[in-house]
Amino acid sequence: MSEPSRYRPQAIEEIWQERWESQALDHTPEGSTEEPYYALSMFPYPSGNLHMGHVRNYVITDVIARVQRLRGRAVLHPMGWDAFGLPAENAAIERGVDPGAWTDRNIASMREQLKRLGLSIDWSREVATCHSDYYRWTQWLFLQFLDAGLAYQKDATVNWDPIDQTVLANEQVDGEGRSWRSGALVEKRKLRQWFLKITAYADALLDDLAGLDGWPERVRTMQANWIGRSTGAELQFAVLDAGGEPSGDTVTVFTTRPDTLYGASYVVLAPEHPLVPALTTADQAVAVAAFCDLVSRQSEQERTAEDRPKRGVPIGAMVRNPVNGESIPLWIADYVLADYGTGAVMGVPAHDQRDFLFARQYELPVRQVIVPEGADAHAFEGGAWTEAGVMIDSGPFDGMASREAAAKIVARGETEGWGRGRVQFRLRDWLISRQRYWGCPIPVIHCDSCGVVPVPQDQLPVELPRDVAFSGKGGSPLAQLESWVEVACPCCGKPARRETDTMDTFMCSSWYFLRYSDPANTSLPFSREAVDRWLPVDQYVGGIEHAILHLLYSRFFTKALRDRGLLGFSEPFTRLLTQGMVQGITYRNPASGKYIAPDDVADPTDPRDPLSGELLEVFYEKMSKSKYNGVDPGVVIERYGADTARMFILFKAPPEKDLEWDDADVEGQFRFLQRLWRLVETSVERGVVLADGEQRLPALLAADAELTEAERELRRAVHTAIEAVSEDLQGDYQFNTAVSELMKLSNAMGTHLEAVRPEVAREALRTLVVLLAPFAPHLAEELWQKLGANPDGLQSVHRQSWPSSDATALVRDTIPLVIQVKGKVRGNLEVPADADAATLERLALESEIALKWLEGQKPRRVIVVPGKLVNLVP
RNA sequence: GGGGGCAUGGCGAAACCGGUAGACGCAGCGGACUUAAAAUCCGCAGGCCGCAAGGCUGUGGGGGUUCAAGUCCCCCUGCCCCCACCA
C-alpha cells in the first residue's frame with residue numbers, strides 16, 4: 001500500500017479554478033429551454049479589500065446558485081461593482097491619483113480575491129457603474145424619469161460645509177453638526193436640487209410589501225415604517241382680525257385625530273411656516289423674530305436632543321375652531337416640523353403627549369373630550385389620554401365612540417367646507433443631486449432661452465472629464481471646469497451651461513440587477529425580452545443595512561420603468577435573504593477603553609493588557625480595523641483553502657444570524673474535509689471507483705433484496721442525507737444543518753464503508769461528493785476525479801444532477817416507540833414499524849415499563865401516536 | 001415614545017404541524033497508537049444525588065391551555081435592531 005496522500009487545498013483549488021474558467025463552466029446558459037434562475041448578491045463598493053462580510057454574502061449566494069444548477073435550472077449568477085462614490089474622490093484629493101484609475105485598480109484586485117473563493121460567477125457579465133458603457137444608461141434612465149415627470153428641480157435645504165464649499169450628505173455630518181472632513185460647523189443652505197418623485201409611488205411601494213412573502217418580516221416592517229402612511233384630515237382654522245372677525249387668512253392643520261377637535265386649546269405653526277410673518281401682530285413681532293432666530297441657529301442635534309423642552313411664543317393672532325366657533329390663540333413652537341403635514345397642528349393637550357407638555361409649560365387650557373370606555377370621570381393625571389374612547393364635551397358627538405366621531409367630524413367639515421380627509425406620508429421625494437465629481441453626471445443643459453434641456457440621447461454618455469484638478473475646496477471640480485461646463489444649447493444652439501451636479505450613487509445601484517440580464521446591449525440599458533426572461537431576481541442576498549434605501553429605491557425604479565413599458569413586472573426581488581454580520585473576537589481594556597489586538601494577548605484564557613497587565617474584556621463584535629478584530633480572508637484561504645472557509649462560514653451559524661469567527665472551529669472544518677479526503681482515498685485504494693459498474697446497484701437491490709445490516713444502515717444514512725440536505729436548501733436556507741447532515745453521512749460511511757459491497761459503497765460515495773459540491777466545490781471536484789477510473793472520463797461534478805432519495809432505503813422494520821406515563825418519558829420499546837394503534841396500545845400496556853410505572857393501575861386514558869409514542873395516563 | 005426581533009449545555013447551535021430537548025461541531029475529559037509529541041482512531045459528556053441500576057431536575061422569570069409545551073396564550077425581565085417632537 002502506498003503512502004496516503006494528504007488533502008492540500010493549495011495544490012488543487014487554483015488548478016480547478018483555472019480549468020473551470022477555461023471551460024466556461026459558469027457561463028449563463030442563453031437560449032436554453034431550462035427554467036431560468038437568477039441568484040444575486042448585492043454588489044460591493046470596490047474598496048480594494050475583500051472582507052469577511054463580503055465572503056459570507058457571496059458564498060451564500062454561490063451555494064444557492066450551484067444547487068439550482070444541479071437541480072437543472074439555467075442559472076444567472078453575476079457580479080459587478082458599485083464604483084462611484086466618495087472614497088475615490090478623497091484618494092484623488094489626498095494622494096493626487098486619478099479616481100478612475102484608482103477604482104479600476106481596486107476592482108482588479110478585488111476580482112482576483114473573489115476568484116480565489118471559487119464562486120461560480122459568470123464574469124462575462126460583469127458591470128461597473130463608473131464605466132461610461134454603464135453610466136450612459138443610468139443617464140438614459142434619468143431622462144426617462146425626466147420625461148415621465150418623475151425628475152424635477154426645487155430649492156432644498158441642504159448641509160453646506162463652508163470651508164470645503166460643498167454639500168454633504170446627512171451621514172457625513174457628525175453628531176455635533178460638524179463636517180466629517182473639514183470639521184467645520186455645517187450650515188443649512190437653500191440650493192436648487194434635483195429630486196425623483198418617489199412619493200408618486202408611495203401607496204404602491206407600501207401596498208406591494210404585502211405580496212413580498214419571500215422577504216424577511218423585519219425588512220418589510222422597516223420599509224412600511226419608512227414610508228409611514230397615516231390617515232387623517234386637514235382642518236381649516238379661520239384667522240381672526242382685531243375685532244374678532246375672519247380676516248380672510250386660513251391656517252390648515254393636519255391631524256390623525258379629528259375626534260379631538262373639541263379639545264383644541266391652541267393652534268401652533270412651525271417657526272418656518274410661510275404665514276408667520278403676515279400673521280404676527282405688532283406687539284409680538286420682537287418676541288417672534290427672536291424665537292425664529294433662536295430656532296434657526298439650533299443645530300440638528302439640539303433640535304432632536306432627548307428630553308428636548310418644548311418652546312414657543314404666541315404670535316398674537318387668534319383663530320376660530322371651525323367646529324364650535326371658539327377663539328383660540330395661534331402660536332409658533334419648535335416641536336412642529338415645517339416639512340411634515342401642513343407645518344401646522346392643533347394643540348390638544350388632553351390627548352397628545354407633546355401638546356400636553358407644551359400646554360403645561362405655558363399654562364394653556366387642558367380640556368378632555370374623550371374618556372376611556374366605561375369610565376365617566378375625567379380620569380387622567382400627569383399625561384395625555386391618547387387612546388380611542390367615548391366622546392364628552394363635544395356637542396352633538398357626546399357619547400359616540402371616538403373612532404366613529406372622527407369620521408363624522410370630517411364629514412361635517414367636508415359639508416361645511418373646513419375639513420377633508422387626507423392621507424399623509426412620511427416618505428419624501430428622493431434628493432439625488434450631489435455636488436461631487438466622482439458620480440454619474442446628470443445629463444441636462446441649462447439654457448437661458450429654453451430652460452432645462454435634456455442632453456439628446458445620441459449624445460450620451462455625458463462623460464466625466466478626466467482632466468480636472470482635485471483640491472477638495474471650492475465645490476465640485478466639475479463646476480470649475482469651464483471647458484466642460486460651457487456648451488451649446490441642443491435646442492437653440494445659443495451658449496448654455498451643463499448641469500454640474502452628479503447623481504447620488506444609489507441611482508446607479510437601483511438598476512444594476514436589470515443590466516446583468518443584457519450587459520452588452522449597446523442600444524438600450526436592457527432589452528425587454530432579456531429582462532423579462534431573467535427577472536425578477538429569484539434570490540437576492542445582502543446585508544440588512546440596505547433594508548430601507550437601496551431596496552426601496554430599486555423597487556421604485558422597477559415600478560416606474562414598468563409604467564414606461566420597459567419591463568413587465570412590479571417587484572425586482574422575489575426573495576430576499578439578509579445575512580448577519582461576521583464578528584471577530586475583541587479584547588478591550590475596560591479601564592482605558594483601548595482595544596488590544598488578539599496577537600498581543602499572550603494567554604487567551606487569562607487575557608491581559610500587554611502593557612498594564614489589567615484584565616481585558618472579551619467579546620465578539622463586527623470586524624473593524626479600529627478594534628483589531630478583523631480576519632483577512634486571503635490569509636485564511638492561504639492557510640486552509642477556500643473550501644474550508646466556505647464550509648466554516650456556512651456551518652457556524654444560520655445565514656441571517658451574526659457569525660462569530662473562531663479559529664478553532666475553522667480547524668474543525670478543515671479536519672472534516674480531510675476526513676472526506678481520506679474516505680475517498682481509502683475507497684480508491686480498495687478499488688471502489690465510480691467509472692464502472694455504478695449502474696449495477698439497482699440490479700443488486702433487485703436480485704439481492706436481503707442486504708446485509710451494514711448495507712441497509714449505510715443506504716438509510718445516504719438517503720436520509722439526501723432528504724435532509726434537500727429540505728435544508730429550500731424554503732428557508734439552513735446551510736448550517738445541511739453541513740451537519742453531510743457530517744452525519746460521512747460518520748456513517750466511516751463506520752460502514754469497508755463492510756459493504758462496492759455497489760453500495762459507490763452509491764454512498766457518489767451521493768456524498770455531489771451533495772458536497774455546492775459547499776466545497778474544489779474538493780468535491782477533486783474527489784469526483786479521484787473516484788473516476790479515467791481522470792478525464794467523467795464530467796465535472798458541477799454538471800451532475802441533484803440526487804433523489806429512494807424511499808425503500810428509508811424503510812425500517814422496527815422503530816423505537818416512546819412510552820410515556822402521565823406525560824413523562826419512561827422508556828423505549830422496539831415495535832414493528834407498521835403496527836396499528838391497537839397493537840401499539842397492547843404492546844405498551846404489556847411492557848415492563850408499564851408494569852413498573854403503573855403499579856398495577858389501569859390507565860384512565862391511553863394516547864397513541866402511531867410511529868411515535870404511547871402515553872399512559874393513570 | 002412607536003415598531004420589529006431575540007433569550008436553549010462551558011461555547012456555536014439543532015429540534016417537522018405541540019410528541020424522547022441538546023442533533024452536528026468547538027472546547028474538555030478518558031483510552032488506543034507512539035520512545036515521546038503532533039496527527040489519527042475509539043469512547044464519555046446539561047445539572048444534582050448515586051458505586052451502580054436508577055431517580056430527580058432542566059429551554060430567561062411567573063402564570064395558563066393540553067394526555068403531552070423550547071414550541072400555543074397572558075404577564076414580567078434582560079438584550080439587539082429600525083424609526084422617532086411625523087401631529
Side-chain angles (χ1 to χ4, degrees), chain A residues 4 6 216-226 228-230 232 253-257 260 268 270 303-310 333-337 339-348 351-355 357-358 386 424-428 544-545 547-548 605 620 647-648 651-654 656-669 671-672 674-675 678 724 727-728 731 734 736-747 750-751 816-828 852 859-865 867-874:
Chain A
R6 283 178 54 86
E217 188 57 43
R218 180 154 85 115
V219 175
R220 290 198 279 174
T221 308
M222 279 163 70
Q223 291 216 352
N225 290 344
W226 183 265
R229 180 161 65 194
S230 51
V253 305
F254 175 72
T255 178
T256 55
R257 294 295 303 276
T260 65
V268 56
R303 267 188 94 157
T304 58
E306 255 177 83
D307 297 334
R308 46 232 147 196
K310 298 181 189 343
D334 57 3
Y335 77 93
V336 179
L337 305 174
D339 57 355
Y340 184 77
T342 59
V345 300
M346 60 181 192
V348 186
H351 302 293
D352 182 282
Q353 190 62 26
R354 293 155 304 184
D355 296 346
L357 294 172
F358 189 74
T386 58
Q424 175 69 37
F425 290 94
R426 210 193 71 100
L427 182 70
R428 307 295 152 79
I544 185 75
E545 66 274 18
I548 298 176
T605 60
Y620 283 90
M647 293 287 286
F648 164 77
F651 176 67
K652 176 77 180 180
E656 59 292 331
K657 274 189 87 164
D658 289 345
L659 181 155
E660 298 173 356
W661 189 273
D662 178 355
D663 290 335
D665 285 330
V666 178
E667 292 273 2
Q669 276 311 314
R671 284 201 297 263
F672 171 58
Q674 250 177 327
R675 266 199 298 279
R678 275 195 301 272
E727 172 69 25
D728 286 341
Q734 297 180 18
N736 54 332
T737 49
V739 172
S740 80
E741 293 299 332
L742 295 178
M743 290 171 169
K744 284 187 212 173
L745 176 56
S746 119
N747 289 344
T751 310
L817 182 75
V818 173
I819 309 294
Q820 292 185 336
V821 177
K822 219 181 154 208
K824 278 189 188 295
V825 176
R826 293 304 180 188
N828 277 322
K852 175 176 175 188
R860 194 162 44 83
R861 212 176 145 185
V862 179
I863 287 104
V864 181
V865 184
K868 283 235 166 76
L869 59 78
V870 173
N871 188 6
L872 307 170
V873 188

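Naming: A, B, ... by sequence-line order, numbering from 1 per chain. Just so you know, these numbers come straight off a predicted model, no measurement behind them. The analysis underlying the following values was restricted to heavy atoms, covering all of them including side chains, and did not include hydrogens, waters or symmetry mates.
Distance CZ (Arg6(A)) to C1' (A38(B)): 11 Å, rounded to an integer number of Å. Between Arg257(A) atom CZ and C86(B) atom P there is a gap of 14 Å when expressed in whole angstrom units. Distance CD1 (Ile544(A)) to C1' (G4(B)): 10 Å, rounded to an integer number of Å. Rounded to a whole Å, the CZ atom of Phe254(A) is 16 Å from the P atom of C85(B). Nucleotide C82(B) holds its P atom 20 Å from the CZ atom of Arg220(A), rounded to whole Å. As rounded to whole Å, 19 Å separates atom P of C80(B) from atom OH of Tyr620(A). In this structure, OH of Tyr335(A) is placed 10 Å from P of C86(B), rounded to the nearest angstrom. One interatomic measurement links the two molecules: CD of Glu217(A) to P of C82(B), which rounds to 18 Å at whole-angstrom precision.
Remark: the separation of the P atoms in U59(B) and G47(B) is 15 Å, to the nearest Å. A27(B) and G78(B) are spaced 27 Å apart, taking the C1' atom of each and rounding to whole Å. For the C1' atoms, the distance from A23(B) to C73(B) is 29 Å, rounded to whole Å. Rounded to the nearest Å, the gap between the C1' atom of G70(B) and that of C6(B) is 14 Å. Comparing the same atom, P, in U57(B) and in G4(B) gives a spacing of 38 Å after rounding to whole Å. Comparing the P positions of U35(B) and G46(B) gives a spacing of 36 Å, expressed to the nearest Å. When the C1' atom is used for both C17(B) and A69(B), the distance is 14 Å, rounded to whole Å. With C1' as the reference atom, A21(B) and A14(B) are 9 Å apart, rounded to whole Å.
Residues Phe651(A) and Asp665(A) have side chains not in contact (no heavy-atom distance under 4.5 Å, counting atoms from C-beta outward). In this structure the side chain of Asp728(A) reaches within 4.5 angstrom of the side chain of Glu741(A), judged on heavy atoms. Using a 4.5 Å cut-off on side-chain heavy atoms (C-beta onward), Glu727(A) and Gln734(A) make no contact. Residues Asp352(A) and Phe358(A) form no side-chain contact, since every pair of their non-hydrogen atoms from C-beta on lies 4.5 Å or further apart. Side-chain contact between Met346(A) and Thr260(A) is present, with at least one heavy-atom pair separated by less than 4.5 Å. Between Thr386(A) and His351(A) there is no side-chain heavy-atom pair separated by less than 4.5 Å.
Within 4.0 Å of Val825(A), counting heavy atoms only, lie sugar-phosphate atoms of the nucleic acid but no base atom. Looking at heavy-atom distances under 4.0 Å, Val873(A) makes contact with sugar-phosphate atoms alone, never a base. Among the atoms of the strands shown, base atoms are found under 4.0 Å from some heavy atom of Arg354(A). Within the 4.0 angstrom heavy-atom criterion, base atoms lie near Pro816(A).
For C17(B), the glycosidic angle deviates from 0 by 90° or less, giving a syn base. Applying the 90° cutoff around 0 to the glycosidic angle, G10(B) is assigned anti.
Base-pair partner of G54(B): C49(B) (Watson-Crick or G-U wobble, both distances under 3.5 Å). Using the Watson-Crick or G-U wobble rule with both distances under 3.5 Å, A7(B) pairs with U77(B).
In this structure, CZ on Arg678(A) lies 8.0 Å from CZ on Arg6(A), to the nearest 0.5 angstrom. To the nearest 0.5 Å, the span separating CG on Leu872(A) from CD on Gln820(A) amounts to 9.0 Å. How far CE of Met222(A) is from CD1 of Ile544(A): 5.0 Å, rounded to the nearest 0.5 Å.
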Could you go over nucleotides 56-60 of chain B and give all protein N or O partners under 3.5 Å, atom names and distances?
residue, atom, partner, partner atom, Å
C56(B), OP2, Arg826(A), NH1, 3.0

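The base of G19(B) lies close enough to the side chain of Gln820(A) for a donor and an acceptor atom to sit less than 3.5 Å apart.
A residue-by-residue look at Asp658(A) and Asn871(A) shows that Asp658(A) has its nearest nucleotide of RNA chain B further toward the 5' end. Comparing Gln424(A) and Trp226(A) against RNA chain B, the residue whose closest nucleotide sits nearer the 5' end is Trp226(A).
Residues satisfying the side chain to side chain donor-acceptor pair (under 3.5 Å) test with Asn225(A), not counting sequence neighbours, are none.
Aromatic pair Trp661(A)/Tyr620(A): centroids not less than 6.0 angstrom apart.
Of the candidates A87(B), C83(B), G3(B), the closest approach to any side-chain atom of Ile548(A) belongs to C83(B).
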Query raised in the report: What does nucleotides 22-28 of chain B look like as a protein-contact string, B for base, S for sugar-phosphate only, - for none, at under 4.0 angstrom between heavy atoms?
Result: -BBSSS-
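Using a 4.0 Å cut-off, some side-chain N or O of Gln734(A) falls inside it from OP1 or OP2 of A15(B). Put simply, Arg426(A) has a side-chain N or O that comes within less than 4.0 Å of OP1 or OP2 on A84(B). OP1 or OP2 of U20(B) has not a single side-chain nitrogen or oxygen of Lys868(A) nearer than 4.0 Å.
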Report task. Go through Asn828(A) and Val818(A) one step at a time and tell me if the side chain to side chain contact (heavy atoms under 4.5 Å, CB included) criterion holds. Result -> CA-CA 5 Å; Asn828(A) 277 322; Val818(A) 173; 3.8 Å; yes
